[in-house]
Amino acid sequence: MNYTNIGNFPKTKLQWLWENMKGSRGIYIAGMLGTIVYNVLQLTVPYYSGKIVDLFLSGADARENLRTNSNLFYHLLICMVGFTVLRGVIVYVDCMVYEHVSQTVLYRVRNFLYDKIQRQDMTFYSTYRTGDLMTRVTGDLDAVRHMVAWVIRMVIESFSLFGAVAIYFFYMNWKMALCLLIISPLVFFIIYLFKNKVAPMHAKLREKLAQMNTYAQENISGNRVVKAFAREDYEIKKFDQANRDYADTNKATGMVWLKFFPYVEGIADLLPVVMLAVGGVFLIRGEMSMGDYVAFSGLIWAIANPMRQMGNIMNEFQRFSAASQKVMEIYYSQAKIKDAEDAVAHPERFDGKIEFRDVSFQYEDGDLPVLHDISFTVQPNETIAIMGETGCGKTSLINLIPRFYEPTKGEVLIDDIPIETLKLADLRKQIGLATQDVLLYSDTIEGNIAYGDSSIDQKEVEKFAKYSAASDFISKMPEGYDTVVGERGVGLSGGQKQRISLARALAVKPSILVLDDTTSAVDMETEKQIQESLKHLDFPCTKVIIAQRISTTKEADKILVLQDGHITEAGSHEELLAKKGYYYELVRLQTGIDDAVVENSANEE
Ligand code: DUT
Ligand code: MG
């Protein structure tokens, strides 16, 4: 896959995240500070309870203190409760901050990605599978959101808690603190080993998810093929396999932590033992007060839990890493076909002259050129027909006109302007295209016809439907133009879809109309009707028509015959008949009559 700059982004993942927090950075930093504050506040309870124990419960003059200094006792108690309540409030607000910022980032990146995907060129769409793209804008993006909402918060929580407690421990009794903390670097080492093991697992996991989604997506949109071949069981099995693969990889990823978990857990469990043994000795020797002992034991969880949490955090961090890689690939991808820096605006109509100058073309992923040195000119308002056997390059040729692809050699000009100097939108707005593979939107028929120009009214929609010989069948439908057609035009026949697609292409009143085998599925009679109305459109329009039937091409001003990407014959119907080449043979084949008659018919015309 050479489409994007994989792994070679202008920013690191965290820098990229930070960039997308624009506008919420201040509040996010406040949120992080809040996290530090509420974690440090955790120390207040053991601090005050330690004080209370020392002064009023276990000290030598505890009773005396309680009698003479009860104010202090209540003061300490109120502080303890007050800080606990304050902490609760901060945690609450903090949670909202993280959630808010993460949703803001999610919204922003999602829109950005959608925008990016919309503006990509054809090569992009043949590179990425739909299911994979869907995974990127859903699952992967959610992992990014999770990073902002949870992972970063947990990192700060763990480190601030651990750090605050460590400092407090040293402040109380440095010897005891040292004994407890000396083993903690070992945890970091274990986590480091764990990271190396789990990172590739997350990359794999993510691929499996994309694969599963792709199967599901292809299967659902291709359900008719599945049914036609009665391959339901096969498809179910295929999905089951992908599903199992994903589940297994998920389990395997979880198992990685299980290998490291006993060591981290062992170290965490060791802490209370050290506390009891070493603390006990210090207590006996009088090197530590009972209050300090209580404070120490009351806080031991605050260094054990961050250790335990590390594995979780690292796991989530790696998930983010794998997912953000995929998101950033789209985020930083650049369409190769885009407006030139100095692109010329051309809001007005074209006259409609089309010229191909020595155009050769090869698909990026193809081994051989599919078009060789194509040169021809179509004058404004003329009709040019392109013929040739399947796979000879007809669709590839017309795809160069709206700049879906770019020639590898030569250039395409419209009204003598090289099309790569025009603004893409201006170029494409002037081209009405009915593609070979018809795709209609889940919308009403009217909505589909007016897709390219939603400003046209019902009357005009009906006019274009008439041009494309679609009005009859549309008016026979129960809800007429308001009939909702499903995805890909479910509920319509092939010929009906083609006619709606033709009406859609006409409805933008293009200067250039490109029809790729658009009447292949309609009957001869209807096709004749369409040909007739195309001749009498109420706006000037150059027509490029790919067709297989002689009846369609016969009346074109010029006919091109393509063979293996070369133009082998060019001229009018009569000129080509006289050549007695491919076109002549085609006429013979299609009309089913012998040479003499073909020649006669040519003479008549
Ligand atoms: N091709 C690719 N990649 C594509 C599309 C086509 O490599 O994305 C190849 C297949 C074929 C050649 O280019 O060998 C020409 O294809 P095209 O679609 O232009 O053929 P066609 O003349 O339109 O055939 P058909 O009459 O079947 O529509
Ligand atoms: Mg084609």
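Keep in mind it's a predicted model, so treat the numbers as computed, not measured. Just follow the structure's listing: the first ligand is 1, and inside any ligand the first atom is 1.
Going from atom OH of Tyr582 over to atom CD of Gln563 covers 6.0 Å, rounded to the nearest 0.5 Å. Between the CZ atom of Arg549 and the CE atom of Met524 there is a distance of 5.5 Å, given to the nearest 0.5 Å. In this structure, the separation between CD1 on Ile384 and NZ on Lys543 is 13.0 Å, given to the nearest 0.5 Å. Atoms SG and CD1, from Cys392 and Ile386 in turn, are 9.0 Å apart once rounded to the nearest 0.5 Å.
Atoms of ligand 1 found under 4.0 Å from any heavy atom of Ser396 (numbered from 1 in listed order, with element): 15 (C), 16 (O), 17 (P), 19 (O). Interface of Gln436 with ligand 1, defined as ligand atoms under 4.0 Å from a residue heavy atom, comprises 25 (P), 28 (O).
Annotation: protein N, O or S atoms under 2.8 Å of the Mg ion (ligand 2) (waters excluded) comprise Thr395 OG1, Gln436 OE1.
Residue contacts with ligand 1: Lys394 is placed with a nitrogen or oxygen under 3.5 Å of a nitrogen or oxygen of the ligand (distance criterion only). Between Cys392 and ligand 1, an N or O atom pair is found at a separation short of 3.5 Å. For ligand 1, none of its N or O atoms has an N or O atom of Tyr405 under 3.5 Å away. In terms of polar-atom proximity, defined here as any N/O pair under 3.5 Å, Val370 makes no such contact with ligand 1.
Of the protein's non-hydrogen atoms, the one nearest atom 23 (O) of ligand 1 is Thr395 OG1, 2.6 Å. Among protein heavy atoms, the minimum distance from atom 27 (O) of ligand 1 is reached at Thr390 OG1, 2.5 Å.
The backbone N or O of Val359 sits nowhere less than 3.5 Å from a side-chain atom of Asp373 that would complete a donor-acceptor pair. Within the 3.5 Å criterion, the main-chain N or O of Lys509 finds a donor-acceptor partner in the side chain of Arg349.
A parallel orientation is assigned to the rings of Phe356 and Phe376, their planes being inclined by less than 30° (bins at 30° and 60°). Ring geometry for Tyr128 against Phe124 counts as tilted: the plane angle lies between 30° and 60°, on a 0 to 90° scale.
Note on ligand 1: Gly393 sits in its first shell, one or more heavy atoms being nearer than 4.0 Å. Residue-ligand proximity: Gly391 is placed with a non-hydrogen atom under 4.0 Å from ligand 1.
Counting heavy atoms only, Tyr363 comes closest to atom 3 (N) of ligand 1 of the residues Tyr363, Tyr125, Phe361.
Between Lys535 and Glu555, at least one side-chain N (NZ, or NE/NH1/NH2) sits under 4.0 Å from a carboxylate O, which counts as a salt bridge.
A side-chain N or O of Gln458 and one of Glu462 form a donor-acceptor pair less than 3.5 Å apart.
For His573 and Tyr583, the ring centers sit closer than 6.0 Å to each other. Between Tyr331 and Trp16, the ring centre distance stays below 6.0 Å.
Closer than 4.0 Å to atom 10 (C) of ligand 1 lies none of the heavy atoms of the protein.
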